[in-house]
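For reference, the structure is listed below as structure tokens.
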Amino acid sequence: MTSQMINAAAAGTWKLGDLVVNRIGFGAMRLPQTGEALIPDAVPRDRDQAIGVLRRAVELGVNHIDTAAFYFSPLRSANELINRALAPYPDDLVITTKVGPGRGPSGEWLPHATPEQLRGQVEENLRQLGRDHLDVVNLRILGTESIAERFGALAELRDAGLIRHLGISNVTPAHLAEARAIAPVVCVQNPYGIGLRPDQDAFVSTCGEQGIAFVPFYAIAATGRQAGATDSDHPDILAVARAHGADPAQIRIAWTLHRGPHVLAIPGTGDLDHLAANVSAGALRLSQDELARLDAVHRQAG
């Protein structure tokens, strides 16, 4: 499929609170390095290449960028690349970030932030991005314990005007119910894609029923996670891709968007051609037969 001129608006829009975004966005995890992300010895990406990808994303209609202060490699920080490439920011650009995890200067993972430490992480994102407030902040967690104290700390920062909207990441339905009892939640960000976490299907639907965006990550990479997608894919995904003149990554993005109008895609890349292909996936329309075929692949993983 021809991808160079397709705009992110082709995927439709959704509201994160009062902020309208195109359903095809951009994830910044892959920007600071080439190869695997979130490892201490990652190879820094060429600065001009990363900046060029960000600027081209906006030119293609992307107005939702997902980032985090812990997205960095030696010499490169996703937040600072975004600041350098896009500030002063377009009025319609929504930048979503995450707090909770932290990494030391050498890239090693630190214990997740306490409620008291979350303000420092929010302020770090503000400084790196050059903003006086953050559009959306997701509380990223590990485990199943209560998030009330930490989410409550972010709700206080929202009341203070440092954060506009709140979301949660890597969570369960119980976490969502707990958070909504404290403050409005505009998005849930969990790993999800064809064959990845089919147990999340009901949760995806629940978010839609509650008017909450579901933002899958690793939708292309699947079990490859931060290492990226593998070179092989399921024959049925390949067959659907051939029928559309598309590649498997585009079919994976399109499938997630077909899970509901509240599902947002945030594929990331440091390559201009991959960027154009990812954005153009928002214009793919899969038939009911194709969706059934892909759904079967998805369920087999369960």
Side-chain angles (χ1 to χ4, degrees), residues 1-12 21-38 42-68 71-90 92-97 128-129 193 215-222 224-231 233 241-242 244-257 264-284:
M1 73 184 284
T2 302
S3 61
Q4 294 299 321
M5 300 304 294
I6 294 177
N7 190 279
V21 297
N22 291 326
R23 293 178 62 213
I24 284 279
F26 180 84
M29 184 185 73
R30 309 210 68 80
L31 268 186
Q33 72 290 308
T34 61
E36 185 169 354
L38 308 179
V43 177
R45 186 178 300 279
D46 179 80
R47 181 180 178 83
D48 290 339
Q49 180 188 25
I51 288 173
V53 166
L54 284 164
R55 290 176 175 167
R56 183 57 178 156
V58 171
E59 290 173 355
L60 291 173
V62 170
N63 61 1
H64 175 214
I65 295 178
D66 177 82
T67 186
Y71 288 172
F72 66 84
S73 67
L75 306 181
R76 301 284 179 267
S77 156
N79 281 353
E80 290 172 344
L81 288 167
I82 291 167
N83 188 346
R84 176 67 180 85
L86 302 178
Y89 298 108
D92 68 337
L93 181 65
V94 175
I95 300 177
T96 299
T97 190
Q128 292 178 355
L129 291 166
V215 189
F217 59 89
Y218 299 145
I220 294 177
R225 298 174 65 83
Q226 63 261 28
T230 63
D231 292 332
D233 218 322
R242 284 194 298 270
H244 286 269
D247 60 45
Q250 290 174 305
I251 298 304
R252 286 180 172 274
I253 294 169
W255 179 86
T256 62
L257 292 173
L264 310 181
I266 50 168
T269 182
D271 180 90
L272 286 170
D273 289 337
H274 288 165
L275 170 67
N278 290 345
V279 170
S280 70
L284 282 171

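One-based numbering along the sequence shown.
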Discussion item. Is there a side chain to side chain contact (heavy atoms under 4.5 Å, CB included) between Ile24 and Ile253? Walk through the geometry before answering.
Written reply: CA-CA 9 Å; Ile24 284 279; Ile253 294 169; 3.7 Å; yes
Worksheet item: What do the steps show when you test Thr256 against Leu264 for side chain to side chain contact (heavy atoms under 4.5 Å, CB included), and what is the final call?
Response: CA-CA 8 Å; Thr256 62; Leu264 310 181; over 6 Å; no
Worksheet item: Please walk me through it: do Asp233 and Arg252 pass salt bridge (Lys or Arg N to Asp or Glu O under 4.0 Å)?
Response: CA-CA 10 Å; Asp233 218 322; Arg252 286 180 172 274; 3.0 Å; yes
Item to complete: Let me see the working for Val279 and Asn7 under side chain to side chain contact (heavy atoms under 4.5 Å, CB included), right down to the final yes or no.
Response: CA-CA 7 Å; Val279 170; Asn7 190 279; 5.9 Å; no
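Pairing each heavy atom of Pro216 with each of Ile266, the nearest pair is O-CG1, 3.7 Å. Taking every heavy atom of both residues into account, Ala57 and Leu275 meet most closely at N-CD2, 3.5 Å. The two residues Gln33 and Ala42 have their closest heavy-atom pair at CB-CB, 3.7 Å. Shortest non-hydrogen contact noted between Ala283 and Ile6 is CB-CG2, 3.9 Å. The heavy-atom pair separating Ala11 from Leu257 by the smallest distance is CB-CD1, 4.2 Å. Taking every heavy atom of both residues into account, Gln49 and Gly270 meet most closely at NE2-O, 3.1 Å.
Side-chain contact annotation: Asp66 with Thr96, donor-acceptor N/O pair under 3.5 Å absent.
Using a 4.5 Å heavy-atom cutoff, the side chains of Val53 and Arg56 are not in contact. Side-chain contact between Met29 and Tyr218: present, with at least one pair of heavy atoms (C-beta onward) separated by less than 4.5 Å. Looking only at side-chain heavy atoms (C-beta outward), Asn278 and Phe26 stay at 4.5 Å or farther from each other. Val94 is not listed as a side-chain neighbour of Ile65, based on a closest heavy-atom distance of 4.5 Å or more. With contacts defined as side-chain heavy-atom distances shorter than 4.5 Å, the pair Arg84/Arg47 qualifies. With contacts defined as side-chain heavy-atom distances shorter than 4.5 Å, the pair Val62/Asn22 does not qualify. Side-chain atoms of Val43 and Ser73, non-hydrogen and from C-beta on, never get closer than 4.5 Å to each other. Between Leu86 and Val58, the closest side-chain pair of non-hydrogen atoms falls below 4.5 Å.
The line from CD1 of Ile95 to CG of Asn83 is 8.0 Å long, rounded to the nearest 0.5 Å. Here OG1 of Thr269 is found 6.0 Å from NE2 of His274. Values are rounded to the nearest 0.5 Å. To the nearest 0.5 angstrom, Phe72 atom CZ is 9.0 Å from Leu38 atom CG. To the nearest 0.5 angstrom, Leu31 atom CG is 10.0 Å from Ser77 atom OG. Here the straight-line distance linking atom CG of Asn63 with atom CG of Leu93 works out to 7.0 Å at 0.5 Å rounding. Here CD1 of Ile51 is found 11.0 Å from CD of Glu80. Values are rounded to the nearest 0.5 Å.
Taking Ala68 as the reference, Phe70, Tyr71, Thr97, Lys98 meet the side chain to side chain contact (heavy atoms under 4.5 Å, CB included) condition, with sequence neighbours excluded. With sequence neighbours excluded, the residues forming a side chain to side chain contact (heavy atoms under 4.5 Å, CB included) with Arg242 are Leu238, Ala239, listed by chain and number.
Annotation for Arg55: atom CZ counts as buried by contact number, over 12 foreign heavy atoms lying within 6.0 Å.
Judged purely by atom type and a 3.5 angstrom limit, Arg76 uses its side chain to pair as donor or acceptor with the backbone of Arg45. Checking side-chain atoms of Arg23 against main-chain N and O of Gly282 turns up no donor-acceptor pair under 3.5 Å.
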